[in-house]
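Naming: A, B, ... by sequence-line order, numbering from 1 per chain. In what follows, every heavy atom counts, from backbone to side chain, and hydrogens, waters and symmetry copies are set aside. For clarity, every value in this text was computed on a predicted model and none was experimentally measured.
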Amino acid sequence: MSDTHAQTVAYVRDTMTEQREPPLSQTGAYKWILGNMLSTPLNVILTIGSLWVIWSVLSHVLPWAVLGIWNADSLSACRAIRTEIYGADASVACWAVISERWPQLLFGFYPPEGYWRPVLAFALFIAAIAPILFASLPRKMLWLTVASPFVMFWLIWGGTVWAPICIALGFVIGWAAIRVAGPRIGALGSILLAILVPVLYWVVIAGPLASGLSAILPIGLDQVASRDMGGFMLALIIGIAGIVLSLPLGIVLALGRQSDLFLINKVSVIFIEVIRGVPLIVWLFTASLLLNYFLPPGTNFDLMLRVIIMVTLFSSAYIAEVVRGGLAALPKGQYEAGAALGLDYWKSMRLVVLPQALKISIPGIVNTFIGLFKDTTLVVFIGLLDPIGLSNAIRASTEWNGIYWELFVFIGLCFFIFCFSMGRYSLFLEKKLRREHR
Amino acid sequence: MQNQATETVDRSHMQVSDEIAIQITKMNKWYGSFHVLRDIDLTVHRGERIVVAGPSGSGKSTMIRCINRLEEHQAGKIIVDGTELGSDLKNIDKIRSEVGMVFQHFNLFPHLTILENCTLAPIWVRKIPKREAEATAMHFLEKVKIPEQANKYPGQLSGGQQQRVAIARSLCMKPRIMLFDEPTSALDPEMIKEVLDTMVSLAEEGMTMLCVTHEMGFAQAVANRVIFMDAGQIVEQNEPKEFFNNPQHERTKLFLSQILGH
């Protein structure tokens, strides 16, 4: 092709080269193994060494786990079965502790006849969160999402059905306040009104209204106290409530920290720095012990609620910093373009800035959520029976005294599954958004 | 950089009315203690097309960014369409929705499609129904000659296409004044022409335009006034013909010899 012009410096291409496939020897699994694991003598040694380490770990752990005993009602029974089958010095797991204490690990001391309630609540949660996580689902499902917190609350704690309905009514009143008063008294005034009116309603009207309604039409479930809840149910309630509440609070704090308004800015900064600068365990002790001194005597402020508030505040401080990073990463031009088109602050935040800033922050936000979820195990120190707390209780019982590996492996595995799926979801979301936006 | 579209411009619609679109009097601005803009006086009539030129750092971008309050001025008066720019947020929002702006780096919203970019402000600021806003957006996308890209994302378009979308996005707000802040400075030579063509056709329709640009060909073809700025001041202003052929101020002569010299 180039022969015709090869003798001269000047060159004119007469045919354009078509796109071609890469050579076959450069693709495939064989090539990958050769290139990545056996490319040099050192790599060969490292590969063999690594395989040996993997084998020596698995050859001990796998038989222990796979041959484990599932049917026994105490550790001594477990050991008797093991001796019978494998001989006295075989090392096998005694999973029976999990199968025997299964309901307790899941629900704590929740009344057994009511187990369906948290299960149904959890199923409802999955259905409610699905339209938020996956945009392809019908948007009408979001109504379920809006209603679900109240239904879930009622299912888990029980009591009269009118209580959550009357609480939900407060939000409706707040929304109505914005819609009706908004055009007349402006944005700031209507927001204040939308906070003030529902709070007044909850404090003054909601209680008597709920008890009045339940006197007329008594529909309800048996009440279950927070102290009876435990196990993974407890971890999930605290974890999910913390995650769901801390995201919006964290975003508001991040915007506050960026604000030009002196007071809002300083309040946000102080809040974030104070909450972040003190260990979570201190806040949990504050929630469980100190708050009682400050609250008026006789107030019954549910311990689990206090823990949820503390966990939420704690992780919202972290979320705020993560989101601030996302806000800072946006080019100034995006803010300017929004402003130049006449979008006011809130619209420009909602439509232009936050969608992009949150997208950038996804890995950090999910990281914080995973941390929060695992930190729920800290509530064991203030006497709540989370899975770790329960495992301590189980090991203290005469039947299972002396067992520890199996419980901790199981609890660890469960936490891993939850946290790993959160991490996977975050990857899925990042990929999807990257595909959409380029 | 003498190029493009010089001969083909139809000046028949480009009449200037007596009505005043922008009036700037004794405007001053400081960044900290640095005096960026000094005693700027400028009156722009409706239908006028003004090109602002000058070396970098001369304050030309800052000046036009003051007109829609992306920058705040510290002294003097700016009246846009009869509304004075002060600290009153309502006035600022009103002016911003009347004044379109095109940026050097396009600043399209990367998380929205081209169509959504164009309908965002009409829907949320002007409260126009979605369908109507989309029809308007398609009209302007056709005008900038890229209706077929409507459902793509900005990242999938070339620089020139993105800048034309940015112009369409501003036009969708039906602005009475358009500000251009170096709209072609971030573009490849091949793409500059397509953006300039769009701007020329906008000028032909009688849009009031204020352009910061280094495209002197565009200035000669379209502008009815060229303003030359240096060190935060307006050094010289004149009709394009006079400005290019017979510059008065030493600084202007130097500048023109620099940019037209090769």
Under 6.0 Å from the [atom1] atom of [X], do we count more than 12 heavy atoms belonging to anything else shown?
X	atom1	result
B/Lys143	NZ	yes
A/Phe262	CZ	no
B/Glu148	CD	yes
A/Ile126	CD1	yes
B/Trp30	CH2	yes
B/Lys77	NZ	no
B/Arg131	CZ	no

Using a 4.5 Å cut-off on heavy atoms from C-beta on, say whether the side chain of [Y] contacts that of [X].
X	Y	value
A/Leu341	B/Arg96	no
A/Gln334	B/Pro110	yes
A/Glu336	B/Met101	no

Quiz item: What is the minimum heavy-atom distance between A/Ala337 and B/Phe103, and which atoms define it?
Solution: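 Heavy-atom minimum between the residues: CA-CE1, 3.8 Å.
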Exercise. State, to 0.1 Å, how close B/Leu70 and A/Ala340 come at their nearest heavy-atom pair, and which atoms those are.
Key: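 Residues B/Leu70 and A/Ala340, closest heavy atoms: CD2-N, 4.5 Å.
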Quiz item: Among B/Asp93, B/Val99, B/Leu120, which residue forms the greatest number of heavy-atom pairs with chain A at distances under 4.5 Å?
Solution: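 So the answer, after comparing B/Asp93, B/Val99, B/Leu120, is B/Leu120.
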Exercise. Could you tell me which of B/Arg126, B/Glu98, B/Arg169 has the largest number of non-hydrogen atom pairs under 4.5 Å with chain A?
Key: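 Among the listed options, the one with the most contacts to chain A is B/Arg169.
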Quiz item: Under 3.5 Å, side chain of A/Lys347 to main-chain N/O of B/Val125, donor-acceptor pair present?
Solution: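 Not a single qualifying donor-acceptor pair exists.
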Quiz item: Does B/His111 reach the main-chain N or O of A/Leu351 with its side chain, forming a donor-acceptor pair under 3.5 Å?
Solution: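 It does hold such a pair.
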Self-check item: Value rounded to 0.5 Å, distance of CZ in B/Phe109 from OG in A/Ser348
Solution: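 B/Phe109 CZ to A/Ser348 OG: 7.5 Å, rounded to 0.5 Å.
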Self-check item: Interface moiety of B/Leu179 toward chain A, non-hydrogen atoms closer than 4.5 Å
Solution: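 Neither the backbone nor the side chain of B/Leu179 comes within 4.5 Å of chain A.
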